[in-house]
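Before any comments, here is the structure.
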Amino acid sequence: MTFARSIARAAATAAACLAAFAAAASDPPVTDAATLATLDRVLAGDHRGDANRARDAYRHPKETLEFFGFRRDMAVMEVSPGGGGWYTEILAPALREHGRYVAASWDPDSTSEYVKTNSKKYADKLASRPDLYDRVKVTALQAPNALKPVPDGTMDMVLTFRNIHGWMGNDSADAMFAAMYAALKPGGILGVVEHRAKADKPQDPKAKSGYVREDYAIPMIEKAGFRLIGKSEVNANPKDTADHPDGVWSLPPTFQGGETDRDKYLAIGESDRFTLRFRKPE
């Protein structure tokens with residue numbers, strides 16, 4: 001074999017190895033059987049009330065987390081878990097033994113009565129079941145003053161559920177996604193669920209209806225450095241027309257319109273939602 005041919009073959013082999021490495025790096029993580037069994041156990045747990053359990057039919061937690069590649073040995077940060085901590089009931093127990101759950105919540109220095117009330121509600125929830133929630137790390141991620149919830153590059157996965165419209169409303173979306181990007185390890189996963197606006201309607205930049213166009217959200221998130229690697233229709237609801245008088249809050253469980261058209265909204269169910277998976281580049 002000539003020297004030139006040896007060099008060419010070595011170069012081709014190196015290129016193939018790099019291509020294989022790049023392909024592997026782009027693959028999403030895979031939820032293993034042990035994690036799926038853990039999720040089944042947690043979802044059936046007695047710590048979940050009937051009202052929260054009933055929402056599984058609309059929120060599809062097991063299927064959603066499986067799409068994201070959630071594993072019980074990960075370091076996972078949930079952004080804005082809310083006062084009720086619906087996903088905390090699932091994530092914290094699932095991660096308790098083998099992983100780590102961080103609840104990136106409100107700024108403790110906020111003077112908002114809403115924040116104070118719901119922060120206490122969330123703290124009371126955690127205190128009610130130390131056998132499940134004793135290892136939850138509560139930290140702060142709320143623009144503009146609390147944007148370093150964890151040391152940079154320490155999370156395997158960051159999750160946020162139905163929060164983008166709120167950040168758009170107070171002009172904090174860019175800062176929030178930049179903070180999430182910093183928190184993730186290279187190659188880490190960002191999982192996003194949001195109420196989906198119709199693609200043929202203009203996007204209100206403040207998202208006052210609670211709905212966000214999918215094609216509006218993706219570049220907003222990618223601007224922080226993320227790369228979209230997957231979409232799922234697991235949380236889709238084709239019955240939702242996304243044009244209700246009180247926005248998404250016309251629908252259950254809020255029923256902001258009271259008894260007006262309540263049966264109509266009950267028949268629709270919870271909102272149509274997009275479910276997206278992003279990666280922080282290696």
Side-chain angles (χ1 to χ4, degrees), residues 28 52 54-68 78-82 84 86-87 143 158-178 180-181 189-279:
N52 279 0
R55 303 188 74 182
D56 292 355
Y58 300 111
R59 295 188 168 185
H60 310 99
K62 181 182 177 181
E63 296 83 358
T64 299
L65 293 173
E66 185 175 9
F67 168 69
F68 291 147
E78 182 188 1
V79 180
S80 301
W86 194 90
Y87 256 101
V158 173
L159 303 173
T160 186
F161 303 96
R162 305 168 313 282
N163 289 306
I164 298 176
H165 61 278
W167 301 331
M168 288 171 63
N170 60 22
D171 298 317
S172 67
D174 286 350
M176 294 293 284
F177 283 117
M180 294 179 225
Y181 186 89
I189 298 297
L190 170 66
V192 176
V193 177
E194 179 57 293
H195 311 292
R196 176 163 43 198
K198 297 302 181 186
D200 60 350
K201 304 293 183 184
Q203 176 65 57
D204 170 14
K206 294 290 188 180
K208 289 188 283 292
S209 70
Y211 288 97
V212 180
R213 282 176 49 154
E214 186 173 338
D215 61 354
Y216 189 93
I218 291 170
M220 176 198 307
I221 296 168
E222 289 188 325
K223 184 164 59 173
F226 292 105
R227 294 294 176 264
L228 178 69
I229 62 168
K231 299 181 180 184
S232 172
E233 291 299 299
V234 66
N235 294 303
N237 180 2
K239 296 179 182 178
D240 181 14
T241 56
D243 59 355
H244 317 298
D246 294 301
V248 72
W249 300 282
S250 294
L251 299 174
T254 308
F255 293 112
Q256 192 162 305
E259 293 303 314
T260 303
D261 290 329
R262 186 182 180 91
D263 289 345
K264 167 188 168 182
Y265 295 128
L266 188 60
I268 292 172
E270 294 193 22
S271 66
D272 178 39
R273 295 160 186 167
F274 60 75
T275 304
L276 305 174
R277 182 176 58 209
F278 295 85
R279 183 188 291 278

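- By the 4.5 Å heavy-atom criterion applied to side chains, Leu228 and Ile221 are not counted as neighbours.
- Between Val158 and Tyr181 there is no side-chain heavy-atom pair separated by less than 4.5 Å.
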Going by atom type alone, with no hydrogens or angles, which donor-acceptor pairs under 3.5 Å involve a side-chain atom of residues 168-175 and a protein atom two or more places apart or on another chain?
| unit_1 | atom_1 | unit_2 | atom_2 | d |
| --- | --- | --- | --- | --- |
| Asn170 | OD1 | Ser172 | N | 3.3 |
| Asn170 | OD1 | Ser172 | OG | 2.5 |
| Asp171 | OD1 | Lys206 | NZ | 3.0 |
| Asp171 | OD2 | Lys206 | NZ | 2.7 |
| Asp174 | OD1 | Lys223 | NZ | 3.4 |
| Asp174 | OD2 | Lys223 | NZ | 3.1 |

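- The side-chain heavy atoms of Asp246 and Tyr265, taken from C-beta on, include no pair separated by under 4.5 Å.
- For the pair Asp240 and Tyr211, the tightest heavy-atom approach, listed with the atom from each and the gap, is OD2-OH, 2.9 Å.
- Using a 4.5 Å cut-off on side-chain heavy atoms (C-beta onward), Phe68 and Thr275 make contact.
- Residues Gly210 and Val248 approach most closely at CA-CG1, 4.0 Å, considering heavy atoms.
- When all heavy atoms of Leu266 and Tyr58 are compared, the pair lying nearest together is O-OH, 4.5 Å.
- Just one residue in the list Glu270, His60, Arg273 forms a side chain to side chain donor-acceptor pair (under 3.5 Å) with Asn235, and that residue is His60.
- Using a 4.5 Å cut-off on side-chain heavy atoms (C-beta onward), Thr160 and Met176 make no contact.
- Side-chain contact between Leu159 and Tyr87: absent, with no pair of heavy atoms (C-beta onward) separated by less than 4.5 Å.
- Minimum heavy-atom separation, Trp167 to Ser80: CZ2-OG, 3.7 Å.
- Among His244, Arg196, His195, the one residue that satisfies the side chain to side chain contact (heavy atoms under 4.5 Å, CB included) test with Ser271 is His195.
- By the side-chain contact (heavy atoms from CB on, under 4.5 Å) test, Arg227 is found to be paired with Pro281, residues two or more places apart in sequence or in another chain being considered.
- The two residues Trp86 and Asn52 make their nearest non-hydrogen contact at NE1-O, 3.1 Å.
- Evaluation of the ring-ring contact (aromatic ring centres under 6.0 Å, His included) rule for Trp249 yields His165 as partners, not counting sequence neighbours.
- Summarising the geometry of Thr241 relative to Lys198, their closest heavy-atom pair is O-CE, 3.6 Å, with the distance given to 0.1 Å.
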What's the verdict on side-chain contact (heavy atoms from CB on, under 4.5 Å) for Ile189 and Phe226, showing C-alpha distance, side-chain angles and the deciding distance? CA-CA 9 Å; Ile189 298 297; Phe226 292 105; over 6 Å; no
Starting from the C-alpha separation in whole Å, work towards a yes-or-no answer on salt bridge (Lys or Arg N to Asp or Glu O under 4.0 Å) for Asp215 and Arg213. CA-CA 5 Å; Asp215 61 354; Arg213 282 176 49 154; 2.6 Å; yes
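- Looking only at distances, a side-chain donor or acceptor of Asp272 sits under 3.5 Å from a matching main-chain atom of Asn237.
- In this structure, Arg59 and Phe161 have side chains that are not in contact, with every pair of non-hydrogen atoms separated by 4.5 Å or more.
- Residues Phe274 and Ile218 form no side-chain contact, since every pair of their non-hydrogen atoms from C-beta on lies 4.5 Å or further apart.
- Distance check: Leu251 CG to Gln256 CD gives 11.0 Å after rounding to the nearest 0.5 Å.
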